[in-house]
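For reference, the structure is listed below as structure tokens.
Excluded from the calculations below are hydrogen atoms, water molecules and symmetry mates; all remaining heavy atoms, backbone and side chain alike, are included.
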Amino acid sequence: MSSNPVISATRTVVADPNETPATIGVEPGGTLEWTNHSRSFPTFEIQFIGPSPASPGDILTGTTKVVVHVAEPGTFEYKIRHIPKQGADKVTGTFAVRSCRGC
């Protein structure tokens with residue numbers, strides 16, 4: 001039995017087009033969940049710049065949430081594409097998430 005269990009806590013990030021999300025940390029093996037409550041931009045997409053912490057099968061576009069299962073350590077930069085029902089998209093960022101032991 002391992003003395004270092006994998007911590008799989010979920011860390012939540014707000015993906016509101018009028019807020020700047022703080023840099024957030026998550027343990028490798030943990031989960032990041034972006035939430036969206038915008039009525040003006042009901043759909044959003046997480047766009048990683050460079051390496052992505054997303055696992056195969058993670059879907060980066062959603063309405064109320066996007067969930068990423070983080071397997072590897074590192075710092076991952078991303079932008080958020082906010083998609084309205086009609087009209088032009090709005091892209092915010094660059095933001096970052098960090099995956100490390102003890103985050």
Side-chain angles (χ1 to χ4, degrees):
M1 180 173 220
S2 172
S3 61
N4 295 323
V6 173
I7 298 173
S8 58
T10 298
R11 296 292 182 110
T12 303
V13 183
V14 176
D16 187 295
N18 298 316
E19 290 188 35
T20 301
T23 298
I24 193 162
V26 64
E27 294 264 350
T31 304
L32 290 168
E33 179 179 283
W34 283 265
T35 60
N36 180 43
H37 301 289
S38 173
R39 293 180 196 264
S40 300
F41 297 91
T43 304
F44 72 107
E45 177 184 23
I46 303 302
Q47 300 175 330
F48 288 101
I49 303 164
S52 169
S55 294
D58 287 347
I59 298 171
L60 302 180
T61 302
T63 53
T64 58
K65 68 182 177 178
V66 166
V67 177
V68 170
H69 301 90
V70 180
E72 300 295 323
T75 299
F76 305 96
E77 293 185 331
Y78 68 95
K79 294 183 180 201
I80 303 172
R81 180 176 156 228
H82 307 274
I83 306 164
K85 288 182 181 178
Q86 295 180 351
D89 295 357
K90 178 180 181 180
V91 177
T92 58
T94 301
F95 310 116
V97 294
R98 191 169 56 121
S99 172
C100 60
R101 299 271 176 231
C103 286

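- L60 and V70 end up in the same hydrophobic cluster when Ile, Leu, Val, Met, Phe, Trp and Tyr side chains are linked at under 4.5 Å.
- One finds the CD1 atom of I80 at 11.0 Å from the CD atom of E45 (value rounded to the nearest 0.5 Å).
- Clustering of Ile, Leu, Val, Met, Phe, Trp and Tyr by side-chain heavy atoms under 4.5 Å joins I49 with none of the others.
- In this structure, the side chains of P53 and E72 stay at 4.5 Å or more apart for every pair of heavy atoms.
- E19 pairs by the salt bridge (Lys or Arg N to Asp or Glu O under 4.0 Å) definition with nothing, not counting sequence neighbours.
- Taking NZ from K90 and NZ from K79, the interatomic distance works out to 13.5 Å, rounded to the nearest 0.5 Å.
- A 4.5 Å side-chain heavy-atom check between V13 and Y78 finds at least one atom pair inside the cut-off.
- Hydrophobic clustering, with ILVMFWY side chains joined whenever heavy atoms are under 4.5 angstrom apart, keeps I46 apart from F41.
- Exactly one of L32, V26, I24 qualifies for a side-chain contact (heavy atoms from CB on, under 4.5 Å) with S99. That residue is V26.
- Taking the centre of each ring, F95 and W34 stay at or above the 6.0 Å mark.
- The salt bridge (Lys or Arg N to Asp or Glu O under 4.0 Å) test applied to D89 returns R81, not counting sequence neighbours.
- Residues P84 and G87 share a closest heavy-atom pair of CG-O, 3.6 Å.
- Side-chain heavy-atom separations under 4.5 angstrom define the hydrophobic clusters, and I83 shares its cluster with no other residue.
- For K65, the salt bridge (Lys or Arg N to Asp or Glu O under 4.0 Å) test picks out E33, with sequence neighbours left out.
- Clustering of Ile, Leu, Val, Met, Phe, Trp and Tyr by side-chain heavy atoms under 4.5 Å joins I59 with none of the others.
- A donor-acceptor pair is defined here as one N or O able to donate and one able to accept, closer than 3.5 Å; such a pair exists between the side chain of D58 and the backbone of H69.
- You'll find the side chain of V14 reaches within 4.5 Å of the side chain of T35, heavy atoms only.
- Side-chain N or O atoms of N36 include none that pairs as donor or acceptor with a backbone N or O of H82 at under 3.5 Å.
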